[in-house]
Every structure is written in C-alpha cells, then in structure tokens.
Amino acid sequence: MTAPSTTPTTNPLGIIGAGAIGSTLARLAVRAGLDVVIANSRGPETLTDLVAELGPRARAATADEVARQADVVVAAIPLIAHSSLPVDELAGKTLVDTTNYYPQRDGQIAALDDQQMTASELVQAHLPDTRLVKAFNNTTFASLGNGARPTGAEDRSALPIAGEDADAKQQVAALLDVLGYDALDIGGLADSWRTEPGTPAYCDPYMPAWPTEKLPFDELVGWLLAAPVIPMSTSKLNDLVSSATRGPAGGYFPETT
C-alpha cells in the first residue's frame with residue numbers, strides 16, 4: 001500500500017475529459033473541497049451545465065489551459081484520444097491516466113495487441129516529459145462515485161496505481177485519499193496490465209454480478225448507479241492483482257438493446 005503524502009494534494013485538480021469518469025471525479029473532488037478545472041473535446045462553452053452543477057469551485061477551460069493551470073491532471077479520455085493530450089503543456093506535470101484499451105472503440109493497436117507495451121506505456125510514449133501514473137481505470141464510474149469513504153472507514157476501498165516516478169505516485173496516492181480511497185502501488189507502467197480489462201481486479205469485484213439479460217443503455221446505467229458497492233480491501237486487491245495472468249489485450253463492451 002502506498003501511504004498518502006503529507007503534502008496537500010493538488011488544487012486545482014485538472015481534468016481533461018468530462019464523460020462518466022471525468023465528471024464523477026470532478027464531483028468527488030468538489031465534495032472533498034478541491035477546486036476543479038475541467039476540459040472536454042468540444043470546448044468550454046459545452047460544459048456550462050456541468051460547471052453549474054459543480055458550483056463555484058469548478059470552472060471550464062481548454063485542455064491546454066487545464067494542463068497549464070494544474071500540477072496534477074487526470075486524463076479521463078478514451079485511449080484513441082490520447083494523441084490529443086497537449087505535450088508541451090503537460091511536460092513536468094503529473095498525469096493520471098485512466099485509459100483502457102477497447103478495440104471496438106479504439107480500433108486495433110498493433111503494439112497493444114502484440115503486448116509490446118501496455119495502454120499507459122502508449123500514452124507515456126506520447127508524453128515523454130510527463131510523470132504518468134495509471135489510476136481510476138479498474139472501476140466503473142458508478143462504483144467510483146458511490147464507493148468513496150472517509151479515511152479509516154471500515155468499508156473503504158482501495159484502487160491500484162502504477163507508474164515509474166515515486167513522487168508522482170505519492171501525489172496520486174494523496175489525491176485518492178482525499179477523494180475517498182486507499183491506494184495500492186502495483187509497480188511500473190509495464191505492470192499496469194494487471195488491472196486492465198479481463199483481469200481479476202477489473203470492475204467486477206467492486207459490484208454485484210452484471211445483469212444476465214440485455215438492457216437498454218439507459219437502464220444499464222440506472223442499474224449501475226443503483227448497484228451496491230462491494231468494498232475492496234487493500235489485501236484483497238493485492239491478491240487479485242497478484243493472481244492476474246496476461247491474456248489477449250483489450251476489453252469488450254457488453255451489448256445493449
């Protein structure tokens with residue numbers, strides 16, 4: 001387990017991507033008393049409703065502005081969009097990479113299919129001067145939002161982190177602590193496959209079994225939001241991560257009606 005840093009976590013927290021994971025992290029951050037600066041691919045003017053919901057601690061910006069204004073930035077984007085992350089503006093910053101490889105969405109990526117690298121190593125190759133830490137990739141947005149608990153709570157869950165830079169991992173562990181989670185350091189970016197789609201620690205242990213019948217998308221989202229969160233202790237998460245065996249790269253989105 002990575003102990004949270006004694007240094008206060010980043011403020012503001014930068015978030016690039018305002019989809020399910022990005023908006024959930026923004027809500028958790030504001031609830032924890034952090035300021036948030038958030039961007040999406042369509043421009044700040046399209047984030048008016050989200051910023052209004054989040055309140056005075058949140059503001060919208062471009063991705064370049066987010067990278068310049070925050071020392072820790074979360075990339076809550078599809079893997080296929082990683083090449084849009086601003087290279088110069090993120091140099092020297094800590095980037096929290098939430099990406100997962102889904103060929104249905106991202107297309108086939110030979111370097112991942114051949115297991116020459118992990119998804120996060122692919123993102124790091126695009127951002128050679130950024131301190132990248134993998135996190136928030138192994139849980140659904142609903143489990144993430146509903147599972148946050150205060151420090152020391154018996155039902156607090158752990159999430160894995162991976163990266164090459166020890167200081168950056170301490171920063172991200174401190175961020176997780178503020179948002180309501182313990183952190184388990186699973187190693188470097190080359191080890192991050194252990195929490196990618198198809199592994200024992202990916203999504204399923206934090207929630208009940210998926211519905212067996214096909215549901216319309218909005219009903220599936222409703223089911224996710226209503227599903228109870230199963231607490232994940234650090235020791236249990238470590239066991240799941242350690243038990244992973246490397247299979248074919250990439251995940252598969254369930255079909256909906």
Side-chain angles (χ1 to χ4, degrees), residues 1-15 20-36 38 53-55 57-58 70 72-74 76 94 96-98 100 133-163 166-187 192 194-195 199-210 221-244:
M1 176 178 174
T2 301
S5 171
T6 56
T7 303
T9 192
T10 182
N11 203 13
L13 175 66
I15 302 176
I21 291 292
S23 60
T24 297
L25 287 171
R27 293 183 184 100
L28 290 177
V30 166
R31 187 189 310 167
L34 296 179
D35 294 331
V36 171
I38 187 167
E53 174 199 336
L54 293 171
R57 286 194 174 276
V72 176
V73 176
V74 179
T94 296
V96 184
D97 172 33
T98 74
N100 287 303
V133 179
K134 184 81 160 193
F136 302 120
N137 72 296
N138 77 314
T139 182
T140 69
F141 78 95
S143 296
L144 180 63
N146 293 334
R149 298 290 186 272
T151 303
E154 290 186 2
D155 59 346
R156 200 182 212 217
S157 289
L159 295 173
I161 63 173
D167 290 339
K169 285 199 279 190
Q170 288 284 2
Q171 280 185 300
V172 175
L175 174 62
L176 263 68
D177 185 44
V178 168
L179 297 185
Y181 289 91
D182 294 332
L184 175 69
D185 186 344
I186 67 168
S192 62
R194 291 184 174 275
T195 63
T199 61
Y202 188 74
C203 291
D204 291 351
Y206 296 87
M207 55 186 284
W210 290 86
V221 170
W223 180 89
L224 284 168
L225 288 170
V229 176
I230 299 175
M232 173 65 65
S233 67
T234 303
S235 60
K236 181 180 178 182
L237 178 59
N238 186 62
D239 289 344
L240 292 174
V241 170
S242 299
S243 72

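- Checked against side chain to side chain donor-acceptor pair (under 3.5 Å), D204 has the following partners two or more places apart in sequence or in another chain: W210.
- Annotation: the span from N238 atom CG to S233 atom OG amounts to 9.5 Å, rounded to 0.5 Å.
- Judged by distance alone, with hydrogens and angles left aside, the side-chain atoms of T199 form a donor-acceptor pair with the main-chain N or O of R194 at under 3.5 Å.
- Taking each heavy atom of V96 and V172 in turn, the nearest pair found is CG2-CG2, 3.8 Å.
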Test log, rule side-chain contact (heavy atoms from CB on, under 4.5 Å), inputs I186 and K134: CA-CA 10 Å; I186 67 168; K134 184 81 160 193; over 6 Å; no

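- Formation of a donor-acceptor pair under 3.5 Å by the N146 side chain with backbone atoms of V229 is not found in this model.
- In this structure, the separation between OG1 on T140 and CG on L225 is 8.5 Å, given to the nearest 0.5 Å.
- We find the CZ-CD1 distance between F136 and I21 to be 9.0 Å, quoted to the nearest 0.5 Å.
- Under the 3.5 Å distance criterion, the side-chain polar atoms of K236 are left unmatched by any main-chain donor or acceptor of A158.
- Between atom OG of residue S192 and atom CG of residue N138 there is a gap of 11.5 Å, rounded to the nearest 0.5 Å.
- Checked by atom type and distance alone, the side chain of K169 pairs as donor or acceptor with a backbone atom of G163 at under 3.5 Å.
- Applying the salt bridge (Lys or Arg N to Asp or Glu O under 4.0 Å) test to every pair with at least one member in residues 139-152, sequence neighbours left out, gives these pairs: R149-D155.
- To the nearest 0.5 Å, atom CZ of residue R57 and atom CG of residue L34 are 7.5 Å apart.
- Distance alone, capped at 3.5 Å, places no donor-acceptor pair between the S242 side chain and the D239 backbone.
- A distance-only check finds no donor-acceptor pair linking the side chain of D35 to the backbone of N11 [under 3.5 Å].
- Residues M232 and S157 come closest through the heavy atom pair N-OG, 2.9 Å.
- When every heavy atom of R156 is checked against every heavy atom of L176, the shortest pair comes out as NH2-O, 4.3 Å.
- Scanning all heavy atoms of the two residues, the minimum distance from P228 to P208 falls at O-CD, 3.2 Å.
- Checking side-chain atoms of Y181 against main-chain N and O of L144 turns up a donor-acceptor pair under 3.5 Å.
- Rounded to the nearest 0.5 angstrom, S23 OG and L54 CG are separated by 8.5 Å.
- Contact record, L159 with L237: C-CD2, 3.8 Å, taken as the closest heavy-atom pair.
- Across G22 and I15, no two heavy atoms sit closer than the pair O-CD1, 3.7 Å.
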